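Quantities reported herein were computed from a predicted structural model and do not represent experimental measurements.
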Amino acid sequence: MKLPRRRFLGLSACAAAVAALSHDARAQSYPTRPVRFVHGFAAGGSGDIAARFIAQWLSDRLGQQLVVENRTGAGGNIAVEAVVRAPPDGYTLLQLNVANTINTALYEKLSFNLLTDIVPVASFMRVPNVMEVTPSLPVKTVPEFIAYAKANPGKVSYASSGVGSSLHMSGELFKAMAKIDMLHVPYRGIGAGGLSDLMTGVVHVAFDNLPSSIELIRSGKVRALAVTTTARSELMPELPTVAEFLPGYEASAWFGVGAPRGTPAEIVEKVNQALNAAFADPNTRARIAELGGTPLPGSPADFGRMIAEEVAKWSRVVELSGTKIKAE
């Protein structure tokens, strides 16, 4: 049966209105059951701490439990794959971090495209790395370190938490911008031998997340030269930034939330608003400061632009380093 054009258009408009109301109702009632919050870090590390911090706030705000799920392996790629394959219904979320953006260039072949298969939901916080040296090294400033490294080419070594890690790439970025030659010494986690060897002088320098090194710095077991963010850290405001000596240098850990492609925009917006509300809470801001971080408020679009910029930046650094890993 052929419908008159006016009636057809009216039915189409009604269908669109019903769909819109359905989407609105779904967003208003979401979530009605627990939500998986997947991340690629081992339990107890800085990434796990950040994930549980985010999960607790969103659980309280949304009225349903966010269940943190550690899916370690392949530098965080296994966690991303798990979320990419999940139904796009808002009940599986991903903690995004700087390692995900490094991996886009680091791994020769991935089963997903971070920029198209994951929807940015909300950024949360940024945590500086700290450039720190063994106390026996005769340098106290970044310029002195650069001069020492140039006078001893290939003899200065730096520790990281593994090949392709954000700490490794922080060192590679520094090498490239300072035009120095340093030997990379990867460890199975910076705390699994890396910091001990830094304290005793087996390696000379590291670019570590500030929270995990702060007590070593305060006790004099390692010497901090600078933080790697563009602004000084409130946790240790006496430390300069690397960028004060190498303009344009920036390397940091950051954390946010993503979702599978196709997740309804209304749900994305609801989670974004819930997470942004954390920044008005004095206790949350104090906890972020305790972790050495700064808040990263913004819209999903803001977070998307940030991720794209990080992918472009770290792709250049990975290329300069010549580092590649075959995806399993």
Side-chain angles (χ1 to χ4, degrees), residues 23-24 26-41 46-71 76 79-80 82-84 86 88-101 114-115 118-128 211 229 234 252-310:
H23 287 161
D24 288 344
R26 178 168 50 185
Q28 287 173 8
S29 63
Y30 169 87
T32 58
R33 64 179 192 270
V35 177
R36 296 168 64 208
F37 189 37
V38 182
H39 74 79
F41 297 96
S46 59
D48 183 62
I49 291 169
R52 293 179 190 282
F53 184 17
I54 293 170
Q56 186 59 59
W57 173 266
L58 287 177
S59 297
D60 294 342
R61 195 79 180 178
L62 296 175
Q64 286 286 345
Q65 189 70 28
L66 261 74
V67 181
V68 176
E69 187 175 314
N70 303 67
R71 297 291 294 270
V80 179
V83 174
V84 167
D89 55 8
Y91 288 92
T92 302
L93 301 176
L94 172 69
Q95 177 175 262
L96 286 164
N97 63 89
V98 64
N100 302 134
T101 60
L114 183 72
L115 295 176
I118 293 294
V119 175
V121 175
S123 51
F124 185 64
M125 71 173 179
R126 187 185 298 278
V127 178
T229 39
E234 292 183 11
S252 56
W254 51 261
F255 304 100
V257 178
R261 179 180 60 188
T263 299
E266 298 85 359
I267 290 177
V268 168
E269 185 61 31
K270 185 169 186 177
V271 177
N272 176 274
Q273 290 179 5
L275 200 55
N276 272 277
F279 306 129
D281 178 63
N283 292 330
T284 299
R285 292 185 69 92
R287 179 60 177 149
I288 290 174
E290 285 175 9
L291 294 172
T294 54
L296 278 179
S299 67
D302 293 333
F303 191 29
R305 283 189 291 271
M306 175 184 150
I307 292 169
E309 289 167 0
E310 289 278 288

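Side chains of Phe37 and Glu69 form no contact here, defined as non-hydrogen atoms less than 4.5 Å apart. By the 4.5 Å heavy-atom criterion applied to side chains, Arg287 and Leu291 are counted as neighbours. Side-chain contact between Leu96 and Val257 is absent, with no heavy-atom pair separated by less than 4.5 Å. Counting heavy atoms from C-beta on, the side chains of Val35 and Thr92 never come closer than 4.5 Å. Residues Pro295 and Arg285 have side chains in contact (heavy-atom distance under 4.5 Å, counting atoms from C-beta outward). Within the 4.5 Å cutoff, the side chain of Val83 has no heavy atoms near those of the Leu93 side chain. Here the side chains of Ile118 and Pro260 are not in contact, with every heavy-atom distance at 4.5 Å or above. Contact of the Arg126 side chain with the Ser252 side chain is registered, since non-hydrogen atoms from C-beta on lie closer than 4.5 Å.
Judged by distance alone, with hydrogens and angles left aside, the side-chain atoms of Asn276 form a donor-acceptor pair with the main-chain N or O of Asn272 at under 3.5 Å. A donor-acceptor pair is defined here as one N or O able to donate and one able to accept, closer than 3.5 Å; such a pair exists between the side chain of Ser59 and the backbone of Leu66. Side-chain atoms of Thr263 never come within 3.5 Å of backbone atoms of Asp89 as a donor-acceptor pair (strictly under, hydrogens ignored). Between the side chain of Arg71 and the backbone N or O of His39, no donor-acceptor pair lies under 3.5 Å. A side-chain donor-acceptor contact under 3.5 Å links Gln95 to the backbone of Gly47.
Atom OG of Ser123 and atom CZ of Arg305 lie 10.5 Å apart (nearest 0.5 Å). The CD atom of Gln65 sits 8.0 Å away from atom CG of Asp60, with the distance rounded to the nearest 0.5 Å. Glu310 CD to Asn100 CG: the interatomic distance, rounded to the nearest 0.5 Å, is 11.0 Å. Put simply, OG on Ser46 and CG on Asn97 are 9.0 Å apart, with the number rounded to the nearest 0.5 Å. The structure places CZ of Phe279 at 9.0 Å from OG1 of Thr284, a figure rounded to the nearest 0.5 Å. Rounding to the nearest 0.5 Å gives a distance of 10.0 Å between CD of Glu266 and CD of Gln28.
When every heavy atom of Val127 is checked against every heavy atom of Pro211, the shortest pair comes out as CG1-CD, 3.5 Å. Pro264 approaches Pro88 most closely through the heavy-atom pair CD-O, 3.3 Å. Considering all non-hydrogen atoms of both residues, Val271 and Tyr30 come closest at CG2-CE2, 3.8 Å. Minimum interatomic distance between Gly292 and Pro128 (heavy atoms only, all atoms of both residues): O-CD, 2.9 Å. Closest of all the heavy-atom pairs between Val98 and Ala253 is CG1-CA, 4.2 Å. Across Leu114 and Val80, no two heavy atoms sit closer than the pair CD1-CG1, 4.5 Å.
At least one cation-pi condition fails for Arg36 and Tyr91: the charged atom is not both under 6.0 angstrom from the six-membered ring centre and inside a 45 degree cone around its axis.
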> Would Thr294 and Met125 satisfy side chain to side chain contact (heavy atoms under 4.5 Å, CB included), going step by step from the backbone distance to the final call?
Replying inline: CA-CA 5 Å; Thr294 54; Met125 71 173 179; over 6 Å; no
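When each of Phe255, Trp254, Phe303, Phe53 is paired with Phe124, the ring pair (Phe, Tyr, Trp, His ring centres under 6.0 Å) condition holds for Phe53 and for no other.
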